[in-house]
Every structure is written in C-alpha cells, then in structure tokens.
Amino acid sequence: MATRFNALQADSTWQKVWDDRQTFAARDDSGKPHSYVLEMFPYPSGRIHMGHVRNYTMGDVLARFRRMRGYEVLHPMGWDAFGMPAENAAMEKGVHPGTWTLANIETMKAQLKRLGFALDWSRELATCKPDYYGHEQALFLDMFAAGLVYRKESAVNWDPVDMTVLANEQVIDGRGWRSGALVEKRKLSQWFLKITDFADELIEGLGKLDHWPDKVKLMQENWIGKSQGLTFSFEILPGTGRGTGEAGGGGLPQSASPVEAPLHHQPAAGGPPPRSGEERVAVFSTRPDTIFGASFVAVAADHPIAQAIADRPEVAAFIERCKQGGTTAAELETQEKLGFDTGLTAAHPFDATRRLPIYIANFVLMDYGTGAVMGVPAHDQRDLDFARKYDLPVQRVVADGDLRDPVFVGDEAYTGPGALVNSDFLDGLDVEAAKRKVIARAEAGGWGKGSTVYRLRDWGVSRQRYWGTPIPIIHCDACGVQPVPKAQLPVVLPEDVSFAIPGNPLDRHPTWKHVACPACGEPARRETDTLDTFADSSWYFIRFASQPKDKPFDRAVAERWLPVGQYIGGVEHAILHLLYARFWTRALKHIGMLDIAEPFTGLFTQGMVTHETYKSADNRWLSPDDVRDGIEIATGQPITVGRVEKMSKSKKNTVDPEPIVDRYGADATRWFMLSDSPPERDLPWSESGIEGAWRFVQRLWRLFDGDDTVAPGEGGDPTLDRKLHQTILGIEQDIEALAFNKAVAKLYELCTAIERAAPSPSRGNAIYTLMLLIAPMVPHVAEEAWAAKGFDGLIADAAWPEVDPKLLVEDEVTIAVQVNGKLRDTLTLPKDMAREQIEAAALSADKIARLLDGKPPKKVIVVPGRLVNIVA
RNA sequence: GCGGGCGUGGCGAAAUGGUAGACGCAGCAGACUCAAAAUCUGCCGUAGCAAUACAUGUCGGUUCGAGUCCGACCGCCCGCACCA
C-alpha cells in the first residue's frame, strides 16, 4: 500500500463510483424513514465560492450521516438561474443570458462534483428552463384563480439603473439592493401576490418553528409588524382652519410658558373656505387612549385629501417637496418635519366644538394604515417635533406619577405607562383600560373600529426584465385581463432578443407579445413583465421532492418528503426568501394543492467565510496570491494587513475553492470548513488552517494504512473501547446539532487515543469504527480505506456504528476537591463511592488536611462524580 | 431611535451553575536526518526558582461554588427604521 494518501486520485475514483452507481439518488418508496436535507440553491454567477463550499459541506455531512443511520435521504441541488447578472453579462459581453447562465451552471456543477457532495443529481433543476418556470406559471394561474393575485396601479420603487421595479424588501437605505442606485417613486400597473392575507398566519406559524434561530423568527415578526389599535374617522369641516399653508410656519421658537395653548384651533379670518372633496378622514392609531391629546391631523402627500387640493400651486409644490426627501438612515434622522396647513379642520369625535387642523405632512406614509394620523404631541416624538415647529398645542393626557397640572412638556414625548388626565371620561384609567374604552365608544358610535394593521405589504412581483418567468397573462382591449390557458403553457421566453438598449427586451420584441385573446380570439398583447426571481425560489424545494412532467408536483409524493427537515443557508435570506417561501407554501395549502403549512421545520443560518485583507504600500487592495511573508510579491514592498472580513471581490480577499481542492483534495477542504469555528459564526480562512486539515487527512490514512488488523470487534483495551463509544455518541449528538467543530475535536482526540494504544483487537476495532465515524466528513479517504481493507460495498452505504451503553461507563472518576470554592486537590475514586466515603477521602487528603490545619469544616458539599467543596 | 446578539490565551475556540482554556493554528525545545521536508515527543494564560497569586470586557449582586444566573455600565456586531 502507498504510504501517502493520494487525494486527487481517490477523489476522482470515488466520485465516479458514486455517480455511476447513483449512490445518492433518493427513492420515493424505499420504505425507510425519510429525511430531507436542503441547502439554499446557488445563483449560477460563474464559479462557486468558499461560502458555497461551507454551506454545502455542512448539509452534506448531515445527509451522509442520516443515510448511514438508515434514513432515505433527499439531498438535491439545483440553480436559481434567473436574474439580473445574466442580463448584465448580455449587455456587457453580448452573450445571450441563457447561454451565459447554462455555461456557468456547467462550470459550477463540475466544481461541486469535485467536492464529493452526496447530492441526488437526477433531480437537478434550473429555474430558467421552461420545464421549471412553465409549472411556476401554472401555479401563478392557480393563485390568480383563487384571488391571490391582483393588478394595481401603484407607486413603485423604480431602480433607474436596472430599469426595473423593486419590492420594498429589495430597497436598502433607499437604494436598489443590486444596483445601489437611488430608488425613485413611479406609478405603474403592477402584479401583486396577496401575502398580507397571510400576515397573521405567518406570524403565528413562527411560534411553532422550534428549530429555527430565534433571531430569524424575530426578524420576520418585526418585518410583518403587527400593530393593534383603532381605525376611526374625523368629520372634515371646511373653511374654519388657519389655512396658512407652510409659509412662515417653520422654526418658530417655542414658548417658554409652562402653560400650553388651548386645544381649540383658532379659525383664521378671510379667504374662501377650502374644500377637500372628502367628508371624513380616517386615521389609524395604536394609542386611541390619547385621543383627548390630539391637536392636529396629518395626511400623507399622496393621500386623496392632499391630491384633491393639489390643483393649488402651493399645494402641488409642497407635495413635490415631500417626495424629494431621501430615505437613508442618516437623512431620516436629520430630516425636518414639514407640514402644510390645508385650512381644513377635523371635528374631534368626543367634542364637536374642538377643531383639529388638517396638515399634509412629509412624515406620514401613504401605504401604512390609512395614510393619515392623529397628532398627539405630548405622547409621540414625531408629533411633538411637528407641533413645536408649527406652534400647535401640546397637552399631556398620560401622567406618570404627578397628576397635577399644568405640567410642561419639554422636548421629549412621554410614551410610557400611566394614568389618563385631561381626558374627560377617561381620567384616572390606565393606558390599556383607556384604549379599550375608547375603542368600545368608537364602535358603539359607529365612527371607528378596533383593528389590526400590518407593516407587511403585498408582494409586488412584476419586473420589467427579460431574464425571468413570463407572467402568463394576456391583455385584451375587449376582454381585459385574461389568464393564459393552461394548455398553452409554458409561455416561453423568445430567444432572439437584443440588449443593446436599456429597458425590457420583451416589450420591444417585434412579435412575441402579439397573441390572440384566449376569450374572443381578437388580437391582444402578452404581459411583458416577468416574475420576481424570488418567486422561483419560493417552491423549488417542492419540485425537488416531486417532478412530474405534466404538473408542478405530485401532491402525495411531495407530502412524503416535505417539509424540509433541515434547511441551511445564509442569514441574508432571513426575511426575503424565507418569508416568500413560507407564504407560497401556505398559499398552495390555501388553494388545496398541498397540505403543508411550513416548508422548513429546521433552519440553520451559517456564518460567512472571512479572510484577512491586504493593502499595498500605495494603498491598493491586494489578493492573498499577491502577498508572501508580509511583502507584495510584484513590488517587494511591505504590505499592511487589515481586518478579517467577508470574502469579497472589491477587497480582493477571496480564495477560489478550485485551486484549493486541486492542491489539498476534497477531504481536506471539507475538513477545514468544519473545523474550529462554530458553524453559525464566521470562519476565518487561513493557509495554515487548510494545511492542518491536509495533515489530518494524511494522519487518518496512516492509521488506516498501518499493520493492524482492522476489523470489527473489541477486547484487550477497555480504556480505548470506552473512549471509542463515548466518541460515537458524542459525534452523533454533535452532527445532529450541527456542532461540527465539536465533532472535529472529538475525532482528533480519538485519533490520538488510538495512536497511543498498544495493538489489540480493541485498537483494530477502533480504527475500523473511525473509518465509519469520519465517513460523512471526509468521505473519499474513508472509501479508499474501506476498499483497501477489503470491506464489502461502499462505506457511504455502510451502517453507522452502534453505541454500547455498557462501554460508556467509567469505573473511576476524578473528583475535584475545593476549599471555599477554590480548587485545592483532585482525587481519583471509584465511580459509585458513597457520599460519606467521598467526604472522608477528601478531608483526609494531605493537601486538604494541611489547609484545614486540624479545624473542623463548617460545611461540606459533595457532588457525587464531580467534586467536594469544603467550607472552612 | 427600536429590536437582537456577542465580549474567554498570540489566533480560531471548548466548558448540563461544579477541576476555565478540551481540540486546532501559530510558537518554543528535543528526537530522527549529512541536511531539509515529513513524522514523532514534550512545553505552551500572566507573574514567580518555587510554594503560590492573579486571570473569562468593567463594577456590583445571588450561591457552598459564577465564563455560565441577575442588575448597571463599557465596547463591538447584526437586523429594522418617520410603520402612527
């Protein structure tokens, strides 16, 4: 036998064997218990990166482990293949997006295969192929028929660089998530999915996801943003307001008087009474208890009330000004509250003589609640800022302790608990009781209703792009919106498109969009928008489980596999992808296609792979390849070592997995990915780390390749037997908990123990078992050794070793002896020794006796099997 | 601003309230070798010859006993953000 493990040769040998034998193809009907292990499928950007390697290695260890434990494991792989980069490549390099994407898939598939992942490639899918997206179109039509899809003219986030609409989730700090361009507001007719119908379910479902990180659940809960309160309306009264507009209203110094102005709005003289065209204005408030503290009503710039008077030039100008404000964090913090007094007033529902001025305000959002708010300055910071600026009354109605008035409200609104004051029939109630009372009165009076409002908006899925799933809709002048008949699916993307000019190539294609109306047969137009690519990834895990030709999935087969027991991916998908997939699955349940509520029962979000950053003497980012021993190779100049950061092209601190696999082999690469850092934390890549992993693989090989008789059995070395069985148990627990770093440490320990053990049947058995234990992590060296020692079949198909509970038991234990909580000695004692005997042994130990110096201890605490603490 | 998380050797990290630093990386010393690589052995928190003392961001608390639980603070990271 060779003395050195030839990783490259073994890698290709065993990868071919697994491929040829379809070792990892999942059978729908094997009779074994099913286990679905899934990692988030990659976007085919060109090459795999270390993040992929780490992600897929983790899933692979679990999948291989579960197989060995007797599960029928579904562990598939595919490609999230639609998206902007392909169109960018088309624009930059003149290749067709499909050509570019398929070539990338081919490259990346070969790269993944070189890592020896136990994937069922027979179920491979790419979302850009008609045999995937055609079924997605069918699902879209089913949702359409069920009323979960609608079209609406709405202000959308328009990315001027990518020339497309973005979902709210895709706008980060006011910029497009991909292009980084400042997002503009545009009015367009858009397709929406009714995710808000499921808002409550989606929150509630989180409660049952015990195997999800709390952090992700919390992020989703906050994103959905459920608020309870009162939606109610004010009667609008024209002509009684100040009607001063915005001019001169800004920046008035605040009155130093501790006595606040009365809440009655003083009508201004002169001018014709303004009209709104509306009779009532509805607002939503989570603090109906503070209704007696209201001193104004504010509506959003695009609220109907504002729009109705937008023919006045000063109103139009103000609305325009509102839209200009940036939405970045910094801008929002410094942005001034702006208001425009419409001159209209609202009648206070509990006191018709009280008139609240109606302002148009830049801080009110049209698409949350009703697009209008009541302003209660004393108990809301924004309202207070606004009131100070426009010199509106500030009246406190919730008192924290001191009930005496007047109390001067400073620059900080009070939002805590307390007793109601200055509030008529609410006086003396606490906040919660007052809320209930106001809601009850509003409902009784018919002018309001207790309501729940969500931050979550419906999912806008229209994209004005080519490289996506065509929305299967036809627009007919006579018949209106018509779904494409299912028999005509898939609606296939045309191949002959040009990317020479920005915009949507589908829209300007000469023939593609011209079709006959399915209802009347007259000339009509295809929808030229495509679906957000997050739709593609919202059901791919179902298609993996079942992929019939004639429909999206077979319900019975899909339900046999789903839900995914363990889903692994990056935390960056905590909201977008995971929320959409949860919604999509619930929508399918809602329309009776699949009886699964939650697609992923277990979720794990892994950390990033990071690397040191390097800068040259003249401040250029340097790649690790350009650096050796603190010197830039090209110039001989010393370099600066920067922070350890996420691998990124811009900082040039990436390490391409392929040369690493070429040099060290798949097993060493996998082992490094699993070692040291806990999987949820970042993993710093290092050259010495991968070398250490390589050395370990060689060390394993030396053990397997030694002269020992490697065979199942035991005997001759009870200490080693015990260590072995403790390790088996520990590895099982660690892998199930995805605590790979701990499993790795235990395997190192076991190796050391075996190396130091004298030859015996126990030792031969330990080496045999070690092969099985490391097989999920470093499968190639395990197969090679398994074959070299002449064992039957593949180790990938072998059974996981059984733990013998009898062999776990230690007969002696080390007891720590503390005096006043400080460790003073340790004793090795028989395991089952009685308390009194342990205590006696501890007290008579030399060191302890010396410390006690003949004095009797005040107290002795004995924890059997652990320690003795003597309180002196 | 709101919500959440994390602070342990030179580095990555372990540690059901019970012997802090397992395991790995780096380092040091030695063996083998003409030499190097590989491999093997030992050392490796700080101070100290040692006994010992001090050590898990800081300060307090609970406890026989705290890295772990509680409170306050400091620092870093992440998510959301004018959501009424």
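In the text below, chain A, chain B and the rest are named by the order of the sequence lines, each starting its count at 1. Since we're looking at a predicted model, the values are computed, not measured.
Side-chain rings of A:Phe296 and A:Phe386 approach one another, their centers coming within less than 6.0 Å. Ring pair A:Trp223/A:Tyr580: centre-to-centre distance not below 6.0 Å. Under the 6.0 Å cut-off for aromatic ring centres, A:Tyr454 and A:Tyr368 do not qualify, their centroids lying 6.0 Å or more apart.
For the C1' atoms, the distance from B:G3 to B:U8 is 27 Å, rounded to whole Å. For the P atoms, the distance linking B:G45 with B:C23 amounts to 12 Å, nearest Å. The separation of B:C78 from B:C82, taken at their C1' atoms, amounts to 22 Å, rounded to a whole angstrom. Separating the C1' atom of B:A20 from that of B:A14 is a span of 9 Å, rounded to the nearest Å. B:A50 and B:C44 are spaced 12 Å apart, taking the P atom of each and rounding to whole Å.
Across the protein-nucleic acid pair, A:Tyr748 atom OH and B:A14 atom P stand 15 Å apart, rounded to whole Å. Nucleotide B:C77 holds its P atom 13 Å from the NZ atom of A:Lys215, rounded to whole Å. Look at CD on A:Glu755: it is 12 Å from C1' on B:U41, rounded to the nearest Å. Remark: C1' of B:G21 and CG of A:Asp676 are 15 Å apart, rounded to the nearest angstrom. Residue A:Glu680 contributes atom CD, which lies 19 Å from atom P of B:G4 at whole-angstrom precision. Rounded to whole angstrom, the span from the CD atom of A:Glu691 across to the P atom of B:C11 amounts to 21 Å. Atom-to-atom, CD of A:Gln698 to P of B:U39 comes out at 9 Å; the value is rounded to the nearest Å. A:Glu612 has its CD atom 11 Å from the P atom of B:G12, to the nearest Å.
When each of B:A84, B:A81, B:C64 is scored by its nearest atom to the side-chain atoms of A:Val364, the top-ranked nucleotide is B:A84. Closest to the side chain of A:Leu365, from the set B:G3, B:A84, B:G24, is B:A84. Relative to the side chain of A:Thr826, the nucleotides B:U19, B:C64, B:G12 differ in distance, and B:U19 lies closest. In the set B:A81, B:G79, B:U19, B:G79 carries the atom at the smallest distance from any side-chain atom of A:Ile575. Among the nucleotides B:A38, B:U19, B:C83, the one closest to any side-chain atom of A:Arg4 is B:A38. Checking B:C83, B:U19, B:C64 against every side-chain atom of A:Val871, the shortest atom distance belongs to B:C64. Relative to the side chain of A:Pro678, the nucleotides B:G12, B:C64, B:A13 differ in distance, and B:A13 lies closest. Side-chain proximity of A:Asn869 to B:A84, B:C64, B:U19: nearest is B:C64. Listed candidates were B:G24, B:G18, B:G12. Nearest to the side chain of A:Pro684 is B:G12. Of the candidate nucleotides B:A81, B:U19, B:C82, B:C82 has the atom nearest to the side chain of A:Arg382.
Within the 4.0 angstrom heavy-atom criterion, no nucleotide atom of any strand lies near A:Val744. Note on A:Gln818: a base of the nucleic acid sits closer than 4.0 angstrom, heavy atoms only. Looking at heavy-atom distances under 4.0 Å, A:Ser675 makes no contact with the nucleic acid at all. Using a 4.0 Å heavy-atom cutoff across all strands shown, A:Thr814 reaches at least one base atom of the nucleic acid. Contacts of A:Leu218 with the nucleic acid, taken as non-hydrogen atoms under 4.0 Å apart, involve only primed sugar atoms and P, OP1 or OP2.
A:Ser686 has no side-chain polar atom (N or O) that falls below the 4.0 Å cut-off from OP1 or OP2 of B:C11. Contact check, A:Arg695 against B:A26: a side-chain N or O comes under 4.0 Å of OP1 or OP2. Listed pair A:Arg702 / B:C40 meets the phosphate criterion, a side-chain N or O lying under 4.0 Å from OP1 or OP2. A sub-4.0 Å separation between OP1 or OP2 of B:C54 and a side-chain N or O of A:Lys822 is present. Between A:Asn741 and the phosphate of B:A14, there is a side-chain N or O to OP1/OP2 separation shorter than 4.0 Å. OP1 or OP2 of B:U19 lies within a sub-4.0 Å distance of a side-chain N or O belonging to A:Arg866.
Nearer to the 5' terminus of RNA chain B, by closest-nucleotide assignment, is the contact made by A:Lys746 (compared with the other of A:Phe284 and A:Lys746). Mapped onto RNA chain B by nearest heavy atom, A:Met219 and A:Gly371 fall at different nucleotides, with A:Met219 at the one closer to the 5' end.
Side-chain contact between A:Trp694 and A:Arg663 is absent, with no heavy atoms from C-beta onward closer than 4.5 Å. The closest side-chain heavy-atom distance from A:Asn869 to A:Val860 is not below 4.5 Å.
Between A:His577 and A:His573, the angle of the ring planes goes over 60°, which puts this pair in the perpendicular group of the 30/60° scheme. Using a 30° and 60° split on the angle between ring planes, A:Phe340 and A:Phe318 fall in the tilted class, from 30° to 60°.
In this entry the base of B:G9 is syn relative to its sugar, with a glycosidic angle within 90° of 0.
When only modelled atom types and interatomic distance are considered, A:Arg699 and A:Thr752 share a side-chain donor-acceptor pair under 3.5 Å.
One cannot find a donor-acceptor pair under 3.5 Å joining the base of B:C64 and the side-chain atoms of A:Lys858. Put simply, the side chain of A:Arg681 and the base of B:C77 share no donor and acceptor less than 3.5 Å apart.
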